[in-house]
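In what follows, chains carry the letters A, B, and so on, assigned in the order in which the sequence lines appear, proteins first and then strands, with residues in each chain numbered from 1.
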Number of protein chains: 2
Amino acid sequence: MTQLTLEEPRTEAELMARAKRLAGLTVGELGDRLGVPVPESTRRAKGLAGQLVERFLGASAGSRDAADFQAIGVELKTLPVDVRGRPKETTFVCTIQPNRMAQLDFEDSPCWHKLQRVLWVPVEASDAGPLPGRRLGTPILWSPTAEERRVLQDDWERVAARIAEGGLDEITSRLGDALQVRPKAASAAARQRVPDAEGFQWHNPRGFYLRTDFTARVLSRIR
Amino acid sequence: MTQLTLEEPRTEAELMARAKRLAGLTVGELGDRLGVPVPESTRRAKGLAGQLVERFLGASAGSRDAADFQAIGVELKTLPVDVRGRPKETTFVCTIQPNRMAQLDFEDSPCWHKLQRVLWVPVEASDAGPLPGRRLGTPILWSPTAEERRVLQDDWERVAARIAEGGLDEITSRLGDALQVRPKAASAAARQRVPDAEGFQWHNPRGFYLRTDFTARVLSRIR
DNA sequence: CAGGATCCACTATTGGATCCCG
DNA sequence: CGGGATCCAATAGTGGATCCTG
């Protein structure tokens with residue numbers, strides 16, 4: 001697998017200039033340019049399109065917990081959309097650190113940090129057809145409006161409160177208008193130690209996700 | 001079938017006093033009081049509960065196109081709700097007269113007239129169990145808020161505009177946030193003459209319906 | 001394990017079709 | 001036919017489970 005390393009863009013303008021060259025390209029074509037074979041199915045390559053886009057745009061963070069474009073504080077999200085441009089899936093934001101929620105303000109949370117400036121790259125996946133043929137859309141650079149922030153903060157604080165009261169067991173994915181908490185792991189068997197009042201407990205790792213409705217409104221507002 | 005004729009209530013207070021006696025009664029018990037046998041299934045008796053309630057409350061209009069309680073201008077709607085009190089179905093409002101929409105203001109429409117003051121009578125139908133055992137809930141007297149009226153009027157005017165542009169064929173039940181247009185007939189084969197520019201056309205009769213979400217918000221706001 | 005996400009069985013909702021009565 | 005509505009097959013949505021890479 002050839003490793004085409006690209007430099008990280010140093011301004012938003014530079015990033016967007018590069019990002020606009022993505023629009024209209026297929027995932028297969030993008031793979032060709034980067035020397036990465038693209039399988040027919042996403043089933044065993046769920047994050048591949050996202051990783052190709054990362055590389056094409058020169059994202060720096062890798063697996064570290066930092067913005068994809070550190071220098072300019074921009075997070076990258078590729079998301080599957082249908083023919084009308086509507087997201088087909090929820091969007092993963094970050095993992096949740098249950099024991100830290102209580103001591104943190106929303107402003108200082110990893111969740112809010114990630115969402116302050118996001119470059120959305122749509123991938124057409126209307127029919128869930130072959131991955132190489134799926135086409136990339138026009139990228140959208142977004143920051144939450146005051147209203148959107150309010151909704152996100154409300155949801156985040158409800159989660160924090162619920163954990164403080166009853167622990168992680170009280171959290172269901174039904175909570176939250178825009179932001180929900182769901183499993184984030186290789187399998188249901190995965191476990192992580194979570195400190196609590198009596199020492200710690202084992203839990204299935206979880207993450208924050210943006211509901212489809214929320215991102216749909218975000219995208220349609222901007223277009 | 002014994003015909004217990006009741007007088008029409010002359011004030012809202014009188015109506016509500018009578019309506020409150022419904023709460024807690026089963027449809028079977030109501031049928032007994034009125035001398036009407038109540039079948040197990042609603043499949044061949046879809047409007048029966050509504051008609052029993054009408055009679056118990058002394059509704060006057062019968063099959064005429066007028067408010068159920070003419071003297072006091074109140075429309076009666078019984079609607080099936082689940083255990084949480086949420087409506088399970090859309091609510092029929094009135095039939096649509098396509099050729100009249102263009103000449104009418106919303107204020108003067110049969111649709112708006114019917115919705116200005118409604119007595120909602122919930123019927124518990126959580127499991128769609130035997131009709132005689134279903135219990136009536138606490139009635140709610142409602143008028144649209146300014147916001148609710150705005151939503152209804154927007155929907156109504158979008159329907160009117162669409163008909164003016166492209167005729168009844170352009171109307172789909174997907175139109176409208178709160179108010180939708182759907183078939184209202186004994187079968188898909190039913191046809192009625194609708195006057196148009198070139199004389200008339202035959203169409204499947206249709207009616208205005210309130211979406212479940214809308215009535216759900218109405219009921220929860222009041223409770 | 002944290003990062004990149006999608007899969008897919010199940011539930012909820014939609015909306016075209018339908019039923020009784022006077 | 002217009003009044004009283006519900007039925008139910010098909011579609012959309014939800015959310016628990018899962019997959020690859022570095």
Gap separating the OG atom of B:Ser109 from the CE atom of B:Met101, nearest 0.5 angstrom: 7.5 Å

Listed nucleotide nearest any side-chain atom of B:Glu89, set D:dT6, D:dC19, D:dG3: D:dT6

Pairing of B:Lys114 and B:Asp68 as salt bridge, 4.0 angstrom limit: no

Gap separating the CD atom of B:Glu75 from the CG atom of B:Leu115, nearest 0.5 angstrom: 8.0 Å

Polar side-chain atom of B:Arg191 near backbone of B:Ala188 as donor-acceptor pair, under 3.5 Å: yes

Distance below 4.0 Å between B:Thr42 side-chain N/O and D:dC7 OP1 or OP2: yes

Aromatic ring pairing B:Trp112/B:Phe106, orientation class (parallel under 30°, perpendicular over 60°, tilted between): tilted

Salt bridge B:Arg100-B:Asp108, side-chain N to carboxylate O under 4.0 Å: no

Nearest-0.5 Å distance that lies between atom CD1 in B:Ile140 and atom CZ in B:Arg221: 10.0 Å

For atom CD of B:Glu124 and atom C1' of D:dT6, their distance in whole Å: 16 Å

Length of the line joining A:Arg174:CZ and D:dG13:P, which is rounded to integer Å: 17 Å

Touch class at under 4.0 angstrom, heavy-atom based, for B:Arg191 against every strand present: sugar-phosphate

N or O in side chain of B:Arg211 less than 4.0 angstrom from C:dT13 OP1/OP2: no

B:Phe208 CZ - D:dA5 P separation (whole Å): 18 Å

Atom-pair distance (CG on A:Asn204; P on C:dC1), nearest Å: 11 Å

Sugar-phosphate only, base, or nothing, as touched by A:Pro80 at under 4.0 Å among non-hydrogen atoms: sugar-phosphate

Sugar-phosphate only, base, or nothing, as touched by B:Gln97 at under 4.0 Å among non-hydrogen atoms: nothing

Contact under 4.0 Å: B:Thr78 side-chain N or O vs D:dA5 OP1/OP2: yes

Phosphate contact (C:dG15 OP1 or OP2) by B:Thr172 side-chain N/O below 4.0 Å: no

Sugar-phosphate only, base, or nothing, as touched by B:Thr91 at under 4.0 Å among non-hydrogen atoms: nothing

Between C:dG4 (C1') and A:Phe69 (CZ): distance, integer Å: 13 Å

Shortest side-chain distance from B:Tyr209, nucleotide among C:dC7, D:dA5, C:dG3: D:dA5

Closest nucleotide among D:dG3, D:dT18, C:dG16 to the A:Lys46 side chain: D:dT18

Value in whole Å for how far the C1' atom of C:dC21 lies from CZ of B:Arg55: 10 Å

Neighbours of DNA chain C within residues 182-189 of chain A, by heavy-atom distance under 4.0 Å: A:Arg182, A:Lys184

Contact under 4.0 Å: B:Gln180 side-chain N or O vs C:dG15 OP1/OP2: yes

Nucleotide C:dC20, atom C1' - distance to CD of B:Gln51 in whole Å: 7 Å

Closest-nucleotide ordering on DNA chain C, the 5'-leading residue of A:Pro205 and A:Phe92: A:Pro205

Sugar-phosphate, base or nothing in reach of A:Gly50, heavy atoms under 4.0 Å: sugar-phosphate

N/O (side chain, B:Arg43) to phosphate O (OP1/OP2, D:dA5) under 4.0 Å: no

Interatomic distance, B:Phe214 CZ vs C:dG15 P [rounded to whole Å]: 17 Å

Approximate separation, where rounding is to 0.5 Å, of A:Ile96 CD1 and A:His203 NE2: 10.5 Å

